[in-house]
Amino acid sequence: MTKKTLTAPLPDSKMHYHLLDGLRGVAALMVIIYHCYECFPAESWIIGHGYLAVDFFFILSGFVIGYAYDDRWDKSSTRRLTYWQFFRRRLIRLHPMVVFGILWGVAMFWIQGSVKWDGSQVTLSAIMIAVLLHLFMIPETPGAMGEVRGNGEMFPLNGPHWSLFFEYIGNILYVLVLRKLSTRWLGIITAIIGMGWAVFFLSDLAGYGNMGMGWTLDHANFWGGLLRMLFPFSVGLYMSRVFKPIKIHGAFWICTAIIVVLLSLPSMGSGHTAWMNIVFELACVSIAFPFVVLLAASGQTTDPLTTRLCNFMGDISYPLYAIHYPTMYLFYAYIGFPQTWRTPAETWPWMIVLVAGNIALAYLVLKLYDQPVRKWLSKLTSPQTK
């Protein structure tokens, strides 16, 4: 099957599945479109379940980390990893874009006017507190001084970074616990977590009527975010151990269609019928998304166009996700959110500009900042340079 080398210039890095790169980019693009509509009434959304892209990311993360590192811990391995080497690689892979996302968030928040949703002005000291907490991935509590946007986000300067917070937790749990489990016990533990995960979301403790939890510390969101990471991450890790490819043609386009359709479907119910929507989302995460990963990991690209597209989408996927949201501050201010006095019909050209602009920005940031910084950090912290 076709694979390509990691874009991160890390020595001895394993190769990873080509089509999974492309699908990660597709999911990131769906997140942007979802966020464009998020500020409008739900009945106008065209990406009704866009937040589930995060759960798909967690499955991909578990699968790729298991594939890349599970055989690197044995003492007899010639490429054995230490704790320090693993965490160094993951920090170099993830944190440079976290830092850029913070700075970009500060810039966009300042241009927007440095005001909360209620119109109150935010002080410079509050912004600095938000920056400091965010740099160390310490979530802010609702209503605290550093919660500068006033809507309860863990990381108000760049809201989607809540999922990176849980990604870090997943990486720590992988090293300390999950990697040490036999495949049989990993499957058992994953099943137990899955039962708790299903019961938790069916209970709808936050009253959302969906699985879109984890972005705030309000109500039961922390536990919702933790379960949203832990179950799909464990599923992906387990899949990496038992994966056997199947014969499939056109895997990328089939998988793309499945992801786009599932994330685009409208909400299945509300109020006393909200359980229908939650059941649908549970099925997406526990059945459909693992099936998509299975297909994508089995397939290969057979033409230059698909190969280039997967390369490009994979390369920009993480920068796109990590930096797109601050530009939404300007868009939200333009439409008059939370009052929302402009409609999607009036603002769709700006949505196109927003999506295209973020794709271009992600590519520039990748080439001019992310890749050079990761290369420098890898060289700086490698044992050969000491």
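The figures here come from the full heavy-atom set of this structure, side chains too, leaving out hydrogens, waters and symmetry mates.
By the ring-ring contact (aromatic ring centres under 6.0 Å, His included) test, F56 is found to be paired with F289, residues two or more places apart in sequence or in another chain being considered. Checked against salt bridge (Lys or Arg N to Asp or Glu O under 4.0 Å), E147 has no partners two or more places apart in sequence or in another chain. Taking the ring-ring contact (aromatic ring centres under 6.0 Å, His included) definition, one finds that F87 meets it with nothing, sequence neighbours left out.
The OG atom of S378 sits 6.5 Å away from the CZ atom of R88 when rounded to the nearest 0.5 Å. Annotation: the span from H18 atom NE2 to T307 atom OG1 amounts to 4.5 Å, rounded to 0.5 Å. Rounded to the nearest 0.5 angstrom, N171 CG and L91 CG are separated by 8.5 Å.
Using a 4.5 Å heavy-atom threshold, the side chains of L60 and F63 count as separate. Counting only heavy atoms from C-beta outward, the side chains of R374 and L377 never approach each other to under 4.5 Å. Looking at W117 and R149, their side chains come closer than 4.5 Å, going by heavy atoms from C-beta outward. I287 places none of its side-chain heavy atoms less than 4.5 Å from the side chain of L282. H324 has its side chain within reach of P160: a pair of non-hydrogen atoms, C-beta onward, lies under 4.5 Å apart. Two residues are said to be in side-chain contact when any heavy atoms from C-beta on lie closer than 4.5 Å; H134 and H161 meet this criterion. Annotation: side chain of V54 is in contact with side chain of Y321 (closest heavy-atom distance under 4.5 Å). The shortest distance between side-chain heavy atoms of L94 and Y168 falls below 4.5 Å.
A donor-acceptor pair under 3.5 Å is formed between the side chain of S182 and the backbone N or O of W185. Remark: the backbone N or O of G113 is paired with a side-chain donor or acceptor of Q121 at under 3.5 angstrom. Remark: the backbone N or O of G101 is paired with a side-chain donor or acceptor of N158 at under 3.5 angstrom. H35 contributes no side-chain N or O that, together with a main-chain N or O of I32, makes up a donor-acceptor pair within less than 3.5 Å. Remark: the backbone N or O of I246 is paired with a side-chain donor or acceptor of S298 at under 3.5 angstrom. When atom types are taken as modelled, the side chain of S317 and the backbone of G314 share a donor-acceptor pair closer than 3.5 angstrom. Looking at T123, its side chain does come within 3.5 Å of a backbone N or O of A126 through a donor-acceptor pair.
Residue V242 is grouped with residue L295 when hydrophobic side chains (ILVMFWY) are merged at heavy-atom distances under 4.5 angstrom, including chains of intermediate members. Residues V26 and I352 do not share a hydrophobic cluster, clusters being chains of Ile/Leu/Val/Met/Phe/Trp/Tyr side chains in contact below 4.5 Å. In this structure, L364 is not a member of the same hydrophobic cluster as L29, with clusters built from ILVMFWY side-chain heavy atoms closer than 4.5 Å. A single hydrophobic cluster is not seen to contain both I129 and V115; linkage of ILVMFWY side chains at heavy-atom distances under 4.5 Å, directly or through other members, places them apart.
Between L52 and E281, the shortest heavy-atom contact is CD1-CG, 3.8 Å. Nearest approach of P142 to L217, heavy atoms of both residues: CD-CB, 4.1 Å. The two residues L366 and P372 have their closest heavy-atom pair at O-CD, 3.9 Å. The shortest heavy-atom contact between A274 and G209 is CB-CA, 3.8 Å. Considering all non-hydrogen atoms of both residues, M97 and P319 come closest at CE-CA, 3.9 Å. Residues P156 and G146 share a closest heavy-atom pair of CG-O, 3.4 Å.
Each of F57, Y318, F155 was checked for a side-chain contact (heavy atoms from CB on, under 4.5 Å) with L164, and the lone residue meeting it is Y318.
Ring-centre distance between F86 and Y174: below the 6.0 Å cut-off. Taking the centre of each ring, F280 and H49 come in below the 6.0 Å mark. Aromatic ring centres of Y329 and Y325 lie closer together than 6.0 Å. Side-chain rings of Y67 and F243 stay apart, their centers remaining 6.0 Å or farther from each other.
M128 belongs to a hydrophobic cluster whose other members, connected by ILVMFWY side-chain contacts under 4.5 Å either directly or through intermediates, are L124. Summarising the hydrophobic clusters (Ile, Leu, Val, Met, Phe, Trp, Tyr; side-chain heavy atoms under 4.5 Å, direct or chained), the residues clustered with V199 are none.
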Identify all side-chain donor-acceptor contacts of residues 249-265 below 3.5 Å with residues at least two apart in sequence or on another chain.
unit_1 : atom_1 : unit_2 : atom_2 : d
W253   : NE1    : T306   : OG1    : 3.3
T256   : OG1    : F252   : O      : 2.8
S264   : OG     : V260   : O      : 2.6

Side-chain polar contacts of residues 219-233 - donor-acceptor pairs under 3.5 angstrom, sequence neighbours left out - could you list them?
unit_1 : atom_1 : unit_2 : atom_2 : d
N221   : OD1    : G214   : N      : 2.8
N221   : ND2    : Y208   : OH     : 3.0
N221   : ND2    : D218   : O      : 3.1
R228   : NE     : D55    : OD1    : 3.4
R228   : NE     : D55    : OD2    : 3.1
R228   : NE     : M211   : O      : 3.3
R228   : NH1    : M211   : O      : 3.1
R228   : NH1    : M213   : O      : 2.7
R228   : NH2    : Y51    : O      : 2.9
R228   : NH2    : D55    : OD1    : 2.6

Using residues 187-195 as the side-chain source, report each donor-acceptor pair under 3.5 Å to any protein atom, sequence neighbours left out, with the distance given to one decimal.
unit_1 : atom_1 : unit_2 : atom_2 : d
T190   : OG1    : L186   : O      : 2.7

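Applying the side chain to side chain donor-acceptor pair (under 3.5 Å) test to every pair with at least one member in residues 237-246, sequence neighbours left out, gives these pairs: D70-R241. Legend: salt bridge (charged side-chain N to carboxylate O under 4.0 Å, His left out) pairs involving residues 131-142, not counting sequence neighbours: none detected. Within the structure, every pair that satisfies the salt bridge (charged side-chain N to carboxylate O under 4.0 Å, His left out) test and touches residues 162-191, not counting sequence neighbours, is listed here: R90-E167. Applying the salt bridge (charged side-chain N to carboxylate O under 4.0 Å, His left out) test to residues at least two apart or on different chains, none of the pairs has a partner in residues 95-120.
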Working for side chain to side chain contact (heavy atoms under 4.5 Å, CB included), residues Y69 and L81: CA-CA 8 Å; Y69 295 111; L81 274 178; 3.1 Å; yes
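Between F201 and W197, the two ring planes are perpendicular [angle over 60°; tilted spans 30° to 60°]. Using a 30° and 60° split on the angle between ring planes, F40 and F331 fall in the perpendicular class, above 60°.
Side-chain atoms of T327 and N358 form a donor-acceptor pair, as typed in the model, at a separation below 3.5 Å. A donor-acceptor contact closer than 3.5 angstrom is absent between the side chains of Y332 and T340.
More than 12 heavy atoms of other residues, nucleotides or ligands sit less than 6.0 Å from atom CH2 of W45.
Under the 6.0 Å distance and 45° angle rule, R342 counts as a cation-pi partner of Y334.
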